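Just so it is clear, the structure is predicted and the values come from calculations on it, not from any experiment. All heavy atoms count here, side chains included; hydrogens, waters and symmetry mates do not. We count ligands from 1, going down the list as the structure has it; atoms in each ligand are counted the same way.
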Amino acid sequence: MKFINLTRHTEIGANSYYLEIGDQRLVLDCGMHPKNEGDDALPNFKAIADRSLDAIIISHSHQDHIGTLPVLMRRQPNARVFMPEATADIGATLLHNSVNVMTRQREELGTTLYPLFTHRETERASDLWRSCPLRQQITIRGERANARDKDSLTFEFWDAGHVLGSSGILLRAEGRAIFYTGDVNFDDQTIAQSAVFPQDEIDILIMETTRGDSATPPGWTRATEERRLGEAIVDVFRSGGCVLIPVFALGKTQEVLAMLYKFRCDDVLPDFPIYIGGLSSKITQIYDRRAHMSRRQLSRLQLMQDVDPFILNGENIGDTPARPGRVYALSSGMMTPKTLSNIFARRVVENPRHSIFFVGYADPESPAGILRKAKPGDMVSLDPEEQAQPVRCNLQQFQFSAHASRESLIEYAKKVAPKKIVLVHGDPPAVEWMRAELVADLPGTEVIVPTPGVEMEL
Ligand SMILES: [Zn+2]
Ligand SMILES: [Zn+2]
């Protein structure tokens, strides 16, 4: 079996992995880099340019996993494309939004490469996607596997507990089982329930390592962290400020809305206005529509109706002042320049009454990553085209990551005890910590950090 890591560095970038099993060729995930631009935002497709793919399988619809799928489909017209049902629903919405963002960037960056794909191409591409139920063994031809397919390549989606539609992908071929975790969470979140993953008979485990460089603080529980967030919002409101929470449109927005809903119900906070972005509201509607069809907590909660957030967008964000007593849960989570959270942050960062709360992962070099490490009085540049500003607002961190703790990843790997573990989806310190720990804990397992772009035999 051959494997190529198609990310350009050891990083959480444009996630994509090539596998060749017998005469079948497939790609797992097809992301867009959250920071890089132009060709550098794509996975390293050059490494597989002369090979014709049979299938592309997508684990979930975060930009770093699905963001360049229309490009790969254009280059690989014969590949069948598979993903879980909810992922297909959300993926089309996100890719159309990405076309709008890239169209704007075409002028800003002065690049004719953008948009990398169009609305029409996205529509045609999504028409060809085959959406699959969880826990069903499916052949690479897209049929439900039966006894005759015992020896052929099949795949099966398992609930990854990360965001709506997220899944791990179990491949079976040549008498071996390969399991790709995608992005996973082994703990319950406020909406998402913890992952249900296969527990044994995995030969090769391809595992994410996002949180490999940070230990879970002793005594941390989600319930106490929720309480801490509620109390922190009360404090900010009392001192006459507002709270900005930078969030991903998919996942973190809905988790934050559900927490704010609970604060209102439990009288932690009185009724107060909540703002989210337009893309977030579209994805929240998908969460609501699928509430009864998906494994989740609070399945009767209809976020758009019960929380009733106000919607901000590129047109009205300019005239929206930061008003006290309000929570602005705006994307993007990394505060990428020109996004709602970035524009709004520049409005609150110099005001000591206001607060910015960080609730999840941010690339250390992204504006959110830079700001969360800033000290009072530091000058920060949130947008290279705007003036740097002094940090005077209150900054706080909360641990509501949608990714598995490193302790739970190690525990899972030890339970499964595969012959080989391939470590992906992590910054170098995270991958290195996981590698060292796994080598020590699992002497019978080969632990591999795949060099980007290099074909290897698994
Ligand atoms: Zn993700
Ligand atoms: Zn990811």
Side-chain angles (χ1 to χ4, degrees), residues 5-17 27-36 41-43 57-69 83-84 86-91 93-95 97-98 157-169 180-187 189 191-195 197 206-214 246-256 279-280 283 286-287 294 331-334 336 359-364 366 368-369 400-406 408-409 422-428 430-431 434 452:
N5 176 7
L6 299 177
T7 63
R8 287 168 187 267
H9 305 276
T10 297
E11 62 180 358
I12 304 174
N15 298 290
S16 192
Y17 309 98
V27 159
L28 304 177
D29 282 345
C30 188
M32 182 185 282
H33 199 289
K35 282 197 324 269
N36 293 356
L42 293 163
I57 312 180
I58 302 293
S59 69
H60 69 293
S61 39
H62 271 147
Q63 183 80 341
D64 61 323
H65 296 261
I66 200 175
T68 55
L69 179 57
M83 64 187 81
T87 291
D89 235 4
I90 298 165
T93 305
L94 279 171
L95 290 174
N97 180 72
S98 177
F157 290 113
W158 290 65
D159 189 342
H162 168 64
V163 297
L164 178 61
S166 67
S167 62
I169 303 167
Y180 167 53
T181 62
D183 290 358
V184 55
N185 197 340
F186 293 110
D187 292 312
Q189 301 178 59
I191 292 184
Q193 283 183 22
S194 59
F197 269 7
I206 304 170
M207 186 162 80
E208 70 125 314
T209 56
T210 312
R211 289 174 66 193
D213 63 343
S214 58
V247 286
F248 289 110
L250 163 59
K252 202 49 62 75
T253 296
Q254 295 76 31
E255 294 289 342
V256 166
L279 173 64
S280 299
I283 295 170
I286 300 175
Y287 265 71
S294 36
S331 67
S332 70
M334 303 214 196
T336 307
V359 294
Y361 176 82
D363 184 293
S366 66
F400 291 115
S401 176
H403 291 271
S405 67
R406 66 184 190 179
S408 63
L409 289 169
V422 182
L423 297 175
V424 297
H425 199 284
D427 295 324
V431 176
M434 292 290 293

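Metal site remark for the Zn ion (ligand 1): His62 contributes an N, O or S atom at a distance under 2.8 Å. At least one N, O or S atom of His425 sits under 2.8 Å from the Zn ion (ligand 2).
Rounding to 10°, one obtains 90° for the angle at the Zn ion (ligand 1) between NE2 (His60) and OD2 (Asp183).
Remark: the backbone N or O of Ala249 is paired with a side-chain donor or acceptor of Gln254 at under 3.5 angstrom. Proximity of a side-chain donor or acceptor of Glu255 to a complementary backbone N or O of Ile191 within less than 3.5 Å is detected.
Distances from the Zn ion (ligand 2) to each N, O or S atom of His65 single out NE2 as the nearest. Closest N/O/S atom of Asp64 to the Zn ion (ligand 2): OD2.
Aromatic pair His9/His33: centroids not less than 6.0 angstrom apart.
Partner of Asn15 under the side-chain hydrogen bond (donor to acceptor under 3.5 Å, both in side chains) criterion, out of Asp183, Thr7, Asp64: Asp64 alone.
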For Phe186 and Phe197, what are the C-alpha separation, side-chain angles and deciding distance, and is it a ring pair (Phe, Tyr, Trp, His ring centres under 6.0 Å)? CA-CA 9 Å; Phe186 293 110; Phe197 269 7; 5.8 Å; yes
